[in-house]
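This report refers to the structure that appears directly beneath it.
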Amino acid sequence: FSWKFLKVHFNVLVQEMIFPLLCHSEKDQELWETDPHEYVKIKYDIFEDMMSPSATAVSLLSEACVKRKGVLEKTMGFCMHIINSETSDPRMKDGAFHMIGAVASILLKRKVYKDQMENFLVNYVLPVFSAPEGYRRARACWLTGNLADTQFKNKDVLRRATDAARIALCTDAELPVRIEAGSCLMDLLNNQEE
């Protein structure tokens, strides 16, 4: 019943409410720079997630993508537009990666997307492991971990993803990046045969 009223506004809701909540904010950046330990604690605190607007936005987006026809396709179109646009700043691209990671488990169940994840990792995610912004490198690790169930046809892509996470874990100067890299490696180890 509610969907009838919400449906016509959902694209606007995604673009103007959910998306901005999932972009790296000034507040996030300030905490990243001044107290990276606290940044990590907040990002990994399950109780914080219960009160977090971004966690609520992720839940709404995920539920809509699972239960409502066409939402996933429109959301992915929006995200790819942001990622490919030359006018998108790094924080916007981070938000698009966050949205994709939020629905990664859904993407990996749908053939049309599942078959594209390997190329998506190669063309869009792996290059961000060397981004100048630490929060983007952390997001690349996080997104790779969320896509760890990908069925890799080319084992070199799996090797490159694993190696990128290993290098980030061992050499990145930023604590949140190293933590995301460790988590990414754990996801890859748990979800891949080789």
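Keep in mind that what you see is a predicted model, and the values were worked out from it rather than measured. This chain uses plain numbering: 1 for the first residue, then up along the sequence.
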### Task
Quick one: do Phe78 and Asn11 satisfy side chain to side chain contact (heavy atoms under 4.5 Å, CB included)? Show the steps, please.
CA-CA 9 Å; Phe78 172 72; Asn11 286 341; over 6 Å; no

### Task
Check the pair Val66 / Ser62 against side chain to side chain contact (heavy atoms under 4.5 Å, CB included), numbers first and verdict last.
CA-CA 6 Å; Val66 167; Ser62 297; 5.6 Å; no

### Message
side chain to side chain contact (heavy atoms under 4.5 Å, CB included) for Asp172 and Arg137? Distances and angles first, verdict last.
### Response
CA-CA 9 Å; Asp172 201 288; Arg137 295 191 307 273; 2.6 Å; yes

### Task
Evaluate side chain to side chain contact (heavy atoms under 4.5 Å, CB included) for Val128 paired with Arg139, printing each intermediate quantity in order.
CA-CA 8 Å; Val128 179; Arg139 182 71 65 202; over 6 Å; no

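A salt bridge does not link Arg91 with Asp94: none of the charged nitrogens is closer than 4.0 Å to a carboxylate oxygen. Salt-bridge check for Lys111 with Asp115: passed, with a basic side-chain N closer than 4.0 Å to an acidic carboxylate O. Looking at Lys27 and Glu30, no side-chain N of the basic residue comes within less than 4.0 Å of a carboxylate O on the acidic one, giving no salt bridge. A salt bridge links Arg159 with Asp156: the distance from a Lys NZ or Arg NE/NH1/NH2 to an Asp or Glu carboxylate oxygen falls below 4.0 Å.
In this structure, His24 and Trp32 have perpendicular ring planes: the angle between them is above 60°, well past the 30° mark.
The backbone N or O of Asn154 lies less than 3.5 Å from a partner atom in the side chain of Glu118, making a donor-acceptor pair. Listed for the Thr75 side chain is a donor-acceptor partner under 3.5 Å among the backbone atoms of Val71. At distances below 3.5 Å, at least one donor-acceptor pair connects side-chain atoms of Gln192 with backbone N or O atoms of Ala148. Using modelled atom types, no side-chain atom of Asn191 and backbone atom of Asp149 make a donor-acceptor pair closer than 3.5 Å. Judged by distance alone, with hydrogens and angles left aside, the side-chain atoms of Asp28 form a donor-acceptor pair with the main-chain N or O of Ser25 at under 3.5 Å. Under the 3.5 Å distance criterion, the side-chain polar atoms of Arg160 are left unmatched by any main-chain donor or acceptor of Leu126. Using a distance-only test at 3.5 Å, with no hydrogens or angles considered, no donor-acceptor pair links the side chain of Arg178 to the main chain of Leu169. Between the side chain of Ser85 and the backbone N or O of Ile82 there is no donor-acceptor pair closer than 3.5 Å. For Ser59 (side chain) and Ala55 (main-chain N/O), a donor-acceptor pair under 3.5 Å exists by modelled atom type. Not a single donor-acceptor pair under 3.5 Å links the side chain of Glu180 to the backbone N or O of Ala140.
Taking CG from Asn146 and NE2 from His98, the interatomic distance works out to 8.5 Å, rounded to the nearest 0.5 Å. To the nearest 0.5 Å, the span separating CE on Met117 from NZ on Lys153 amounts to 11.0 Å. Atom CG of Leu121 and atom CD of Gln116 lie 12.0 Å apart (nearest 0.5 Å). Between atom CG of residue Leu147 and atom CD1 of residue Ile100 there is a gap of 8.5 Å, rounded to the nearest 0.5 Å. Note that the NZ atom of Lys7 and the OG atom of Ser2 stand 14.0 Å from one another [nearest 0.5 Å]. One finds the CG atom of Leu61 at 5.0 Å from the CE atom of Met99 (value rounded to the nearest 0.5 Å).
The shortest heavy-atom contact between Cys184 and Ala165 is SG-CB, 3.8 Å. Closest non-hydrogen pair, Cys141 versus Val177, comes out as SG-O, 4.2 Å. Shortest non-hydrogen contact noted between Phe19 and Gly95 is CE1-C, 3.7 Å. Looking at every heavy atom in both residues, Met92 comes nearest to Cys23 through CA-SG, 4.0 Å. The shortest non-hydrogen separation linking Pro20 to Glu16 is CG-O, 3.4 Å.
Side-chain contact annotation: Tyr124 with Asn119, donor-acceptor N/O pair under 3.5 Å absent.
In this structure, Val112 is a member of the same hydrophobic cluster as Leu108, with clusters built from ILVMFWY side-chain heavy atoms closer than 4.5 Å. Each of Trp142 and Leu21 belongs to its own hydrophobic cluster when Ile, Leu, Val, Met, Phe, Trp and Tyr are linked at side-chain heavy-atom distances under 4.5 angstrom. Placement of Ile167 and Val122 in two distinct hydrophobic clusters is found when ILVMFWY residues are connected by side-chain heavy-atom separations under 4.5 Å, directly or transitively. Leu143 and Leu185 end up in different hydrophobic clusters when Ile, Leu, Val, Met, Phe, Trp and Tyr side chains are linked at under 4.5 Å. Under a hydrophobic-cluster definition in which Ile, Leu, Val, Met, Phe, Trp and Tyr are linked whenever side-chain heavy atoms come within less than 4.5 Å, directly or via other members, Val125 and Leu188 are assigned to the same cluster.
Using a 4.5 Å heavy-atom threshold, the side chains of Lys93 and Glu133 count as separate. For the pair Tyr113/Leu72, a side-chain contact is recorded, criterion being any heavy-atom separation below 4.5 Å from C-beta on. Contact of the Tyr39 side chain with the Thr34 side chain is not registered, since no non-hydrogen atoms from C-beta on lie closer than 4.5 Å. In this structure, the side chains of Ile83 and Phe97 come closer than 4.5 Å at one or more pairs of heavy atoms.
By the 6.0 Å contact criterion, CD on Gln151 is open, its count of non-hydrogen atoms from other residues, nucleotides or ligands being 12 or less. Annotation for Met17: atom CE does not count as buried by contact number, only 12 or fewer foreign heavy atoms lying within 6.0 Å.
Side-chain rings of Trp3 and Phe10 approach one another, their centers coming within less than 6.0 Å.
Qualifying side-chain contact (heavy atoms from CB on, under 4.5 Å) partners for Asn190, counting only residues two or more places apart in sequence or in other chains: Met186.
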